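Everything numeric here is computed off the predicted structure, so don't read it as measured data.
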Amino acid sequence: MSLLTPLLDLLFPPRCIFCRSRNQLENAIGTVCDSCLEEVSDPQNCCRRCAYPPAGQAEGCSACGDRSFSFSAACSVSLYRGKLKKAIHKYKYKGGKDLAGPLGQLVSRQVRRSQWPALEAVVPVPLHPDKLLERGYDQALLLAQVIGAELELPVKKSLIRTISTDSQTKLGAAQRWNNVAGAFDTDPDIELPKRVLLVDDLLTTGATAHFAGQTLIKAGVGEVYVAVVGR
């Protein structure tokens, strides 16, 4: 922590990244108020496979149904709507790179609460070089770096995006699966462990995470777990 931090906090008190409140910030995150923190999903009450809250009934999750994924389980901060949607949009499209810290901390908190087997590395879902040049930064990589530091895990930039796909936001569910099929490869020079945490900002249909996870498994990974900000 910088020696100037206390002075800056006094002159410019931190605000909650979601509701902009200056109150109730004395928790482990520091930039998310207690009220907004209470809105974070409980992983134990979400679908273990796709992280959709609440958990599916006896007949299965209403979001992922009987679809088969390459990843073993997933968790998220909350549903992609309201204040979280605004924060993610600012983070991805408005240059809000400073949000990587608190959002990454929230995702790390969800990973711990999920009680998964011991993870060995964090792998971000990469942008295609053309998209990286356009945006100026890789939002999943920034998240992964924060999560890796929080969970004390190495970050492996193992995945390569080989195809510049259309934005998933403009496509229907079936189109999203076709859009990212075959879009990933791995760097053969980066050694991968047997159990990894795949990190991205969003999980909607699960197509991107599925094909990214499938690519990792083909490269020798045994189990892939997925952690995202918005579901």
Side-chain angles (χ1 to χ4, degrees), residues 1 17 27-32 37 40-44 46-51 69-78 84 87-88 91-92 96-128 132 137-161 183-203 206 208-231:
M1 179 184 295
I17 62 170
N27 55 62
I29 305 298
T31 49
V32 179
L37 201 56
V40 171
S41 300
D42 180 352
Q44 302 304 320
C46 298
C47 173
R48 171 181 166 82
R49 297 175 65 246
C50 79
F69 295 114
S70 64
F71 49 90
S72 300
C75 72
S76 72
V77 173
S78 192
L84 183 65
I88 294 173
Y91 175 55
K92 286 183 70 172
K97 293 191 289 184
D98 57 314
L99 292 174
L103 292 177
Q105 287 178 299
L106 284 170
V107 174
S108 301
R109 181 175 180 264
Q110 296 299 83
V111 173
R112 294 190 188 99
R113 296 173 76 195
S114 296
Q115 300 178 356
W116 291 335
L119 301 163
E120 298 172 272
V122 180
V123 177
V125 173
L127 288 177
H128 187 272
L132 179 59
Y137 59 95
D138 187 329
Q139 76 276 359
L141 174 59
L142 296 183
L143 284 173
Q145 290 170 336
V146 174
I147 294 166
E150 288 283 319
L151 301 179
E152 299 182 340
L153 295 171
V155 176
K156 303 272 192 177
K157 294 167 63 175
S158 313
L159 281 171
I160 302 167
R161 198 150 195 156
F184 299 100
D185 201 350
T186 52
D187 186 337
D189 295 327
I190 299 178
E191 186 176 352
L192 286 164
K194 290 299 181 184
R195 188 180 293 122
V196 305
L197 178 67
L198 183 66
V199 168
D200 206 356
D201 54 305
L202 289 174
L203 189 149
T208 300
H210 169 78
F211 287 113
Q214 185 181 76
T215 302
L216 291 171
I217 290 169
K218 286 180 179 178
V221 172
E223 290 180 287
V224 176
Y225 291 79
V226 175
V228 298
V229 183
R231 172 67 177 93

Asks: State the CZ-NE2 distance between Phe184 and His210, to the nearest 0.5 angstrom.
Replies: 11.0 Å
Asks: Closer than 3.5 angstrom, by distance alone: can the side chain of Glu223 be matched with the main-chain N or O of Leu119 as a donor-acceptor pair?
Replies: no
Asks: Find the distance between CD (Gln110) and OG (Ser78) and round it off to the nearest 0.5 Å.
Replies: 8.5 Å
Asks: Check whether any side-chain heavy atom of Thr31 sits under 4.5 Å from a side-chain heavy atom of Leu99, and report yes or no.
Replies: no
Asks: Is there a side-chain contact between Val107 and Val229 in this structure, where contact means two heavy atoms from C-beta onward sitting under 4.5 Å apart?
Replies: yes
Asks: Starting at OG of Ser158, measure out to CG of Asp187 and round the result to the nearest 0.5 Å.
Replies: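 Here the interatomic distance stands at 7.5 Å.
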Asks: Under 3.5 Å, is there a donor-acceptor pair between the side chain of Lys97 and the main chain of Lys92?
Replies: no
Asks: Look up atom CD in Glu191 and atom NZ in Lys156, then write down how far apart they are to the nearest 0.5 Å.
Replies: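 Rounded to the nearest 0.5 Å, the CD-NZ separation comes out at 6.0 Å.
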Asks: Taking the side chain as C-beta and beyond, is there a heavy-atom pair between Leu132 and Arg161 under 4.5 Å?
Replies: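 A side-chain contact under 4.5 Å is absent here.
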Asks: Per the side chain to side chain contact (heavy atoms under 4.5 Å, CB included) rule, which among Ser76, Cys46, Cys47 passes with Arg231?
Replies: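 Only one option passes, and that is Ser76.
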Asks: Just jot down the side-chain contact (heavy atoms from CB on, under 4.5 Å) partners of Pro117, sequence neighbours excluded, or say none.
Replies: Arg195, Tyr225
Asks: Would you say Leu103 and Leu142 make side-chain contact, with heavy atoms under 4.5 Å?
Replies: no
